[in-house]
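Written below as C-alpha cells is the structure these notes are about.
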Amino acid sequence: YPRAINYWEDAYRRDCTANLLLKNLARAYELYGQKRQAVVALETFLVREPNAADRDQIQRRIEVLKKQIASEKAAPPTTTTPAANTTTPAPTEPPPTQQSPAPLAADHAHGGRPVLALVVTGVGGVVLIVGVAVYAKAAKDTKNFEDQCPNRVCDTSKMGYQALIDGGNDARSREITGGVVTGIGAATVAGGLLWYFLAPHGGGTSATASAGTLSHPLVTPAVSPGFSGVSLSGAF
C-alpha cells in the first residue's frame, strides 16, 4: 500500500485534472490505515467534482471513516498484566521505519505552474499564425480585385467581368475566415497565458484553495467551436 500511495500521489501531481485518481488514492490510504488522509482525498474529490454521480455514496463513505476515526480516538488503550516468572526477551533491532506518505494536500502542479497552459498557448499561437497568413493573403487578393472593380462594381461591358466578381467574393470570404481564425488564435493565446500566470503554484494547496477563492480565482481555458477564452471560478 505505501508503494501504491506513492504512485497515485505522483500520478495526480503530474495531472491534477485527473480527479478520479483521488478515489484510488483514498482507497489505498484506507487500506493502509491512514483514514484521515482518505477523508481528505475524498473531500477533495467532491470539491473538484461537485456533480459526480456517486456523490452520495462518497459522502456516506466519508461519514463512516470519520466515525471510525472518532471511535478509535475515544477507545482507551488496553493494558496487559505481565505473567509471573516470564523472561525478558532479548532486545531486537527495530524494523526499518518506512516513510509514511505525506497527507494529500491536492498539489496543483507539484510546486510549479501548469504545463498544459503552455500547450494551450502554443496551439493558440499556431492558430494565430495560420489566421494571420490566411487574412493577409486574402486581403491582398481583395485589394487587387477592388483595383480592377472600383467601389466593388465591375464594368459588365468588359470580357471576364463575372470571373472578377467571383474572385472578389471568394477573396472577401477568405479574408473574413482569416480574421475569425486570427481572433480565435489570439484569444486562445491570451487564455493560455492567463491560465499559466494566474494558476496557483509554489507547492501544495488545500482543496478549497485549489478550487479557487474570491481573491485568487481558479483560471481554466474554455474552448469550443466558434468560441475560446478562459473561465474564472472561486468561492468565499
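Heavy atoms only: backbone and side chains are in, while hydrogens, waters and symmetry mates are out. Computed from a prediction, not measured in an experiment: that's the story for all the values here.
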Checklist line | Stepwise side-chain contact (heavy atoms from CB on, under 4.5 Å) check, L20 with K23 | finding: CA-CA 6 Å; L20 290 177; K23 297 168 69 175; 4.1 Å; yes
Next item on the list: Report the distance from atom CG of D10 to atom CG of L25, rounding to the nearest 0.5 Å.
Entry: 11.5 Å
Margin query: Under 4.0 Å between a side-chain nitrogen and a carboxylate oxygen: does that hold for R60 and E63?
Written below: no
Margin query: To check you understand the geometry: which heavy-atom pair defines the closest contact between A41 and A26, and what is its length?
Written below: CB-CB, 3.8 Å
Checklist line | Those residues that, when tested against N19, pass side chain to side chain contact (heavy atoms under 4.5 Å, CB included) (two or more places apart) | finding: Y12, L22, F45, R48, E49
Margin query: Between I58 and D54, does the side-chain contact (heavy atoms from CB on, under 4.5 Å) criterion hold? Intermediate values first, please.
Written below: CA-CA 6 Å; I58 294 176; D54 55 347; 3.7 Å; yes
Note to self: Within this structure, what is the CD1-CD distance for the pair I69 and Q34, rounded to the nearest 0.5 Å?
What the structure shows: 11.0 Å
Check: Are V39 and L31 grouped together when hydrophobic residues (ILVMFWY) are joined by side-chain heavy atoms under 4.5 angstrom apart?
Finding: yes
Item checked: Separation of I5 CD1 from N24 CG (nearest 0.5 Å) -> 12.0 Å
Please tabulate, for the side chains in residues 125-140, all donor-acceptor contacts under 3.5 angstrom to protein atoms that are two or more places apart in sequence or on a different chain.
from, atom 1, to, atom 2, distance (Å)
K137, NZ, D141, OD1, 3.2
K137, NZ, D141, OD2, 2.8

Notebook entry, point to check: Does the side-chain contact (heavy atoms from CB on, under 4.5 Å) test come out yes or no for R61 and R27, once each step is laid out?
Noted result: CA-CA 11 Å; R61 184 176 169 191; R27 184 59 176 167; 3.7 Å; yes
Next item on the list: Spell out, yes or no, whether V40 and Y7 are grouped together once hydrophobic residues are joined by side-chain heavy atoms under 4.5 Å, including indirect joins.
Entry: no
Notebook entry, point to check: Which value, rounded to the nearest 0.5 Å, describes the distance between T142 atom OG1 and R174 atom CZ?
Noted result: 7.0 Å
Next item on the list: Inspect the surroundings of CZ in R55 and state if more than 12 heavy atoms from other residues, nucleotides or ligands are less than 6.0 Å away.
Entry: yes
Margin query: Would D166 and D170 count as a side-chain contact (heavy atoms from CB on, under 4.5 Å) here? Give the steps.
Written below: CA-CA 6 Å; D166 294 339; D170 177 70; over 6 Å; no
Next item on the list: Indicate yes or no for a side-chain donor-acceptor contact from N6 to the backbone of P2 under 3.5 Å, with no hydrogens or angles considered.
Entry: yes
Check: Is any side-chain heavy atom of L46 less than 4.5 Å from a side-chain heavy atom of E43?
Finding: no
